[in-house]
Amino acid sequence: MGQHGQHRALVIRVCTLVGLTLASLPAKAAACRLALVLAMDVSSSVDEEEDRLQRAGLAAALIAPEVQAAFLQSPEPVALAVFEWSGRYNQAMLLDWVMITSAQDLLASATIIGRSKRSTSEFPTALGHAVGYAATLLRRAPECMAQTIDVSGDGRNNEGFTPHQAYVHFPFSGVTVNGLAIETSGTTTAPETGKNISISDYYRQHLLRGPGAFVEVAQGFEDFERAQRRKLERELGSAVFSRLEAPP
């Protein structure tokens, strides 16, 4: 692992014991195959139990054996950041950029997310502002071969600018945007037609961006962990294949 790797492992162990966060640790300088931003919905449509299921589900997904294998399948690591979002000015970091180089990094990240507390529960669903905020995070991410934003949520944009407007006005060159749609009430109203559509179809029409972008569907918040595991495996596998298929 080398002297620097040994020092980093020691720092992570100490930080975990004293309750510090990986946000305070500098990202390790290394070749990186993917900068991945996870954005979690905490708008007013998400109640306390649903929020708990999201945090616990994401934490559990990060340490699931198949997800660990997907993170660590390549010599080039993944840079990970996680934030929660609701209204147009309501985004809060849960995990700032950290380079995932080992199962220990994933365990430390999962611990931070599992112990995190919701910043607010009072604001609407500003989906466009969430992806705009994610784009600004990517501007200060470690240099990686690919960049992906993954937004999870249970409702359509109902405040501020839309995702499509964000894609025009924020830096999204080369960025893929995926979605994890949490189906609860069954339908939402499509703003352009007034017809009822599922949240997953709304995400397909209004959120996805970039070649290979996809929506993973959770059938309620109880299904969030399973859907998150499946989505992460797919995102991390796509990053490896993109690197292998890239021209020299």
Side-chain angles (χ1 to χ4, degrees), residues 22 33-43 45-73 77-86 91-98 100 103 105-118 125 127 130-131 133-134 137 146-155 176-184 198-200 202-204 207-210 212-240:
L22 285 176
R33 75 180 188 270
L34 175 66
L36 176 61
V37 180
L38 306 181
M40 188 171 68
D41 182 4
V42 295
S43 60
S45 63
V46 178
D47 66 26
E48 182 178 352
E49 174 61 12
E50 291 167 343
D51 178 69
R52 185 194 68 78
L53 288 168
Q54 284 189 105
R55 286 173 207 277
L58 177 53
L62 288 174
I63 58 175
E66 64 271 29
V67 174
Q68 289 194 34
F71 266 102
L72 304 175
Q73 65 186 297
V78 173
L80 179 65
V82 184
F83 73 96
E84 61 182 41
W85 61 276
S86 54
Q91 302 89 25
M93 294 300 301
L94 302 181
L95 182 75
D96 212 336
W97 288 111
V98 59
I100 303 298
D105 291 334
L106 285 169
L107 177 59
S109 299
T111 300
I112 290 167
I113 292 165
R115 293 176 177 173
S116 65
K117 301 298 182 183
R118 184 175 186 167
T125 306
L127 187 58
V131 294
Y133 182 84
L137 286 181
Q147 295 184 324
T148 295
I149 296 168
D150 166 38
V151 182
S152 60
D154 70 341
T176 298
V177 181
N178 298 326
L180 195 167
I182 306 168
E183 299 286 6
T184 52
S198 66
I199 297 300
S200 53
Y202 178 85
Y203 271 28
R204 291 184 185 99
L207 177 66
L208 297 190
R209 186 190 184 283
F214 67 93
V215 172
E216 186 65 43
V217 180
Q219 298 299 334
F221 285 86
E222 296 81 1
D223 192 37
F224 184 84
E225 179 187 338
R226 180 209 60 82
Q228 187 68 250
R229 291 198 312 267
R230 180 175 171 86
K231 178 196 60 59
L232 286 168
E233 282 189 272
R234 185 170 175 182
E235 285 169 334
L236 296 163
S238 296
V240 170

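Residue numbers run from 1 in the order of the sequence given.
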Exercise. Rounded to the nearest 0.5 Å, how far apart are CD1 of Ile149 and OH of Tyr133?
Worked result: 12.0 Å
Exercise. Closest approach of Ser43 and Asp154, non-hydrogen atoms and distance?
Worked result: OG-OD1, 4.5 Å
Exercise. Would you call Glu48 and Arg118 a salt bridge, using N to O less than 4.0 angstrom?
Worked result: no
Seminar exercise, completed: Smallest heavy-atom separation, Thr125 atom then Gly155 atom, equals CG2-O, 3.9 Å
Problem set entry | For Leu137 against Trp97, the heavy-atom pair lying closest together | O-NE1, 3.1 Å
Problem set entry | Donor-acceptor contact present, side-chain Ser152 to main-chain Ala181, <3.5 Å | no
Exercise. Between Glu84 and Leu94, is there a donor-acceptor pair closer than 3.5 Å when you use the side chain of the first and the backbone of the second?
Worked result: no
Exercise. Would you say Phe71 and Val78 make side-chain contact, with heavy atoms under 4.5 Å?
Worked result: yes
Exercise. Is it true that Glu66 and Arg229 have a side-chain N and a carboxylate O under 4.0 angstrom from each other?
Worked result: yes
Exercise. Where the side chain of Tyr203 meets the backbone of Val151, is there a donor-acceptor pair that is under 3.5 Å apart?
Worked result: no
Problem set entry | Distance in Å, Leu62 CG paired with Leu80 CG, rounded so as to fall on 0.5 Å steps | 6.5 Å
For this session: Any chance you could measure Glu183, atom CD, to Phe221, atom CZ, to the nearest 0.5 Å?
Result: 11.0 Å
Exercise. Rounded to the nearest 0.5 Å, what separation is found between the CD1 atom of Ile199 and the CZ atom of Arg204?
Worked result: 11.5 Å
Problem set entry | Nearest-0.5 Å distance, CG of residue Leu36 to CG of residue Leu232 | 6.5 Å
Exercise. Any donor-acceptor pair under 3.5 Å linking the side chain of Gln54 with the backbone of Asp41?
Worked result: yes
Problem set entry | CD-CD distance between Gln228 and Glu225, expressed to the nearest 0.5 angstrom | 9.5 Å
For this session: Check the surroundings of atom CZ in Arg230: do more than 12 heavy atoms from other residues, nucleotides or ligands lie under 6.0 Å from it?
Result: no
Exercise. Is there a donor-acceptor pair closer than 3.5 Å between any side-chain N or O of Gln68 and the backbone N or O of Ile63?
Worked result: yes
Seminar exercise, completed: Shortest non-hydrogen pair, Phe83 vs Ala130, comes out as CZ-O, 3.5 Å
Problem set entry | Side-chain touch Arg33/Gln73, heavy atoms, less than 4.5 angstrom | yes
Problem set entry | Heavy-atom pair with the smallest gap, counting every atom of Ala218 and Asp223 | CA-OD2, 3.4 Å
Exercise. Counting distance only, does the side-chain N/O of Asn178 pair as donor-acceptor with the main-chain N or O of Phe214 below 3.5 Å?
Worked result: yes
Exercise. Are any of the side-chain nitrogens in Glu49 or Arg52 under 4.0 Å away from the carboxylate oxygens of its partner?
Worked result: yes
Exercise. Checking Trp85 side chain against Val131 main chain: does a donor-acceptor pair fall under 3.5 Å?
Worked result: no
Exercise. At their closest point, which heavy atom of Asp96 faces which heavy atom of Met93, and how far apart are they?
Worked result: CA-CE, 3.7 Å
